[in-house]
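Data block below; observations after.
The structure displayed is predicted, hence computed values, not measured ones.
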Amino acid sequence: MPATGAPEADSSGSFRAAFRSATRLRTEVLAGLVVALALIPEAIAFSIIAGVDPKIGLFAAFTMAVTISFVGGRPAMISAATGAIALVIAPVVRDHGLDYLVATVILGGLIQVVLGVLGVAKLMRFIPRSVMVGFVNALAILIFSSQLPHLFGDKVTGDNRWWIFGLVAAGLAVMVFFPRITTVVPAPLVAIVLLTIVTVTASIAVPTVGDEGELPSSLPALLFPDVPLNLETLQIIAPYALAMALVGLIESLLTAKLVDDVTDTHSNKTRESWGQGVANVVTGFFGGMGGCAMIGQTMINVKVSGARTRLSTFLAGVFLLILVVVLGDVVSIIPMAALVAVMIMVAVGTFDWHSIQPSTLRRMPVPETVVMLATVGVTVWTHNLAYGVIVGVIVAAVLFAQRVAHLTTVTRLDASDDDGERVYAVDGELFFASSNDLVYQFDYAGDPQRVVIDMTEAHVWDASTVAALDAVQHKYAAKGKTVEFRGLNADSEARLDLLAGRLGAGH
């Protein structure tokens with residue numbers, strides 16, 4: 001009997017495994033389809049920002065998504081044409097034309113490959129959590145604000161305004177309540193299909209995807225930029241390529257970290273860095289406008305639709321191409337209100353609501369809140385996530401330096417100078433901010449001939465501190481007194497041996 005029972009158990013286990021595999025496959029396929037639908041208007045809008053034909057952005061979305069699905073380090077993350085990259089490269093198109101844009105994208109991708117190989121991803125450890133929270137909140141605000149023109153823009157007239165509001169509200173309702181019935185089909189896909197059927201059958205005149213720009217009718221082809229291969233061309237495109245590379249890497253690595261947190265998994269940030277470069281090089285040679293990770297579409301894929309593998313990213317690119325080239329007539333009739341509803345749900349789900357709760361703000365140290373608000377403010381003001389992150393990191397570093405600077409103390413341990421010796425104890429981390437006032441903490445005139453400075457509880461971190469200790473020693477020497485530094489740890493002693501007395505004038 002036990003012998004006959006084993007195959008049944010194996011069969012049951014295999015069935016469950018097959019069912020899970022089938023369920024996962026369905027989730028990945030449907031997630032890819034939803035993302036593809038959401039990518040179309042975004043890619044067209046970013047093309048307009050960059051000043052290029054809509055097909056340039058759409059082809060970039062296709063090549064970026066497909067390429068990064070193979071070479072990227074973060075499964076299920078979506079990369080495509082983005083607004084931040086569009087803002088960076090827009091001046092190239094305006095001043096020099098499409099060929100220089102393509103050359104810029106290729107060079108930007110090569111720079112990303114080099115930075116990735118050099119380990120730029122390791123710099124992510126220097127981005128504080130408060131900057132990450134600000135990044136996420138700012139992104140949610142930008143996603144939401146980017147939908148406002150579809151609700152209050154020029155195409156929204158008095159005749160169709162209430163239809164648009166009603167359709168958006170209906171789409172939101174579907175995405176909120178449909179998952180309570182079933183999660184087999186992604187709620188965003190259901191909302192898009194239902195609202196399209198309603199607008200077509202009822203002949204409701206509202207803006208559609210087709211109104212955003214003409215969809216391409218052919219496949220992308222290889223394109224070699226027609227630019228002179230000389231120093232002048234490099235001088236033109238290099239600044240924009242470097243800016244594009246840095247902006248793209250910052251957004252991609254922060255998005256990858258966010259997906260890591262959502263999925264409770266770890267990704268290869270180094271591979272993601274050079275993978276973004278490879279994807280941009282491929283995109284450039286196919287005439288695309290370049291791009292990076294898209295947090296909005298990534299959240300649709302991962303958080304809303306439940307995707308977890310590279311398949312969803314690959315299929316998002318493939319479905320996008322099929323939709324715009326083969327089914328362009330069908331896609332063009334999708335009401336923008338349906339996609340606006342999807343993006344509003346993404347914005348609501350992306351925002352870290354816990355970070356602005358009164359109870360959280362009361363517990364959170366003020367500097368942490370200031371850093372978060374600085375990141376949000378700069379990002380929303382410039383519409384550039386990279387600028388917000390850079391400013392946030394700088395503000396965090398300055399505030400941290402100020403806090404640490406106040407933790408350094410100098411204490412006089414021996415109040416008697418009968419034995420001709422005075423002892424001071426220095427406690428804390430000594431660097432440019434905390435050691436700046438060190439020279440003023442000693443009684444040069446009143447101290448006896450011999451002074452001992454106990455550094456057992458201190459650490460010397462930089463040349464500024466060595467210069468400050470030199471200045472203390474020189475001030476005592478000017479009065480004919482000697483100073484002994486005692487209790488230095490190995491690192492601090494090595495730094496003093498290397499730099500003491502060799503930092504030039506000014507002591």
Side-chain angles (χ1 to χ4, degrees), residues 43-44 46-68 70-72 79-121 123 216 218-253 270-293 382-387 390:
I44 294 173
F46 298 148
S47 299
I48 295 172
I49 292 174
V52 297
D53 191 277
K55 70 179 181 181
I56 304 298
L58 290 167
F59 286 162
F62 162 68
T63 53
M64 286 291 297
V66 170
T67 305
I68 206 67
F70 289 98
V71 300
S79 291
T82 61
I85 299 298
L87 289 170
V88 170
I89 63 176
V92 181
V93 182
R94 183 183 65 244
D95 298 335
H96 304 284
L98 182 60
D99 285 303
Y100 280 86
L101 165 66
V102 173
T104 300
V105 172
I106 294 172
L107 179 59
L110 292 175
I111 293 174
Q112 287 179 326
V113 171
V114 172
L115 292 175
V117 172
L118 292 176
V120 69
L123 297 177
S218 62
L219 297 175
L222 279 173
L223 173 67
F224 293 90
D226 184 16
V227 298
L229 299 178
N230 54 32
L231 183 60
E232 182 181 357
T233 299
L234 183 62
Q235 289 175 334
I236 292 173
I237 67 175
Y240 299 104
L242 179 60
M244 170 189 159
L246 295 176
V247 169
L249 285 178
I250 289 174
E251 291 203 31
S252 298
L253 292 175
T270 297
R271 177 175 173 179
E272 185 62 41
S273 299
W274 62 256
Q276 287 288 329
V278 172
N280 272 304
V281 171
V282 171
T283 296
F285 279 118
F286 277 95
M289 57 181 278
C292 62
T382 63
H383 283 235
N384 192 314
L385 291 164
Y387 291 162
I390 291 171

Let me check something: any side-chain donor-acceptor pairs from residues 95-110 under 3.5 Å, sequence neighbours excluded? List them with distances.
| from | atom 1 | to | atom 2 | distance (Å) |
| --- | --- | --- | --- | --- |
| D99 | OD1 | D226 | N | 3.1 |
| T104 | OG1 | Y100 | O | 2.7 |

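- The two residues S79 and Q276 have their closest heavy-atom pair at OG-NE2, 2.8 Å.
- Smallest separation of non-hydrogen atoms from C292 and T82: SG-OG1, 3.4 Å.
- Applying the side-chain hydrogen bond (donor to acceptor under 3.5 Å, both in side chains) test to pairs two or more places apart or on separate chains, those with a residue in residues 105-115 are Q112-N280.
- Judged as a side chain to side chain contact (heavy atoms under 4.5 Å, CB included), and not counting sequence neighbours, the contacts of P216 are K55, L58, F59, V324.
- For L222, the CG atom is densely surrounded, since the number of other residues' heavy atoms within 6.0 Å is greater than 12.
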Contacts table for residues 232-239: side-chain donor-acceptor under 3.5 angstrom, sequence neighbours left out:
| from | atom 1 | to | atom 2 | distance (Å) |
| --- | --- | --- | --- | --- |
| T233 | OG1 | P228 | O | 2.5 |
| T233 | OG1 | N230 | OD1 | 3.1 |

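- Here the CD1-CD1 distance, from I89 to I56, works out to 10.0 Å after rounding to the nearest 0.5 Å.
- Identified under the ring-ring contact (aromatic ring centres under 6.0 Å, His included) test for residues 225-244, with sequence neighbours left out: none.
- Residues satisfying the side-chain hydrogen bond (donor to acceptor under 3.5 Å, both in side chains) test with E251, not counting sequence neighbours, are none.
- Neither side chain, E272 nor S252, offers a donor N or O lying under 3.5 Å from an acceptor on the other.
- The heavy-atom pair separating G57 from A81 by the smallest distance is O-CB, 3.9 Å.
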Side-chain donor-acceptor distances from residues 282-289 under 3.5 Å, at least two apart:
| from | atom 1 | to | atom 2 | distance (Å) |
| --- | --- | --- | --- | --- |
| T283 | OG1 | T63 | OG1 | 2.9 |
| T283 | OG1 | A279 | O | 2.7 |

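- Every side chain to side chain contact (heavy atoms under 4.5 Å, CB included) that R94 has, sequence neighbours left out, goes to P91.
- Shown here are the side chain to side chain contact (heavy atoms under 4.5 Å, CB included) partners of S273, two or more places apart in sequence or in another chain: V120, A121, L249, L253.
- By the side chain to side chain contact (heavy atoms under 4.5 Å, CB included) test, V114 pairs with L118, sequence neighbours left out.
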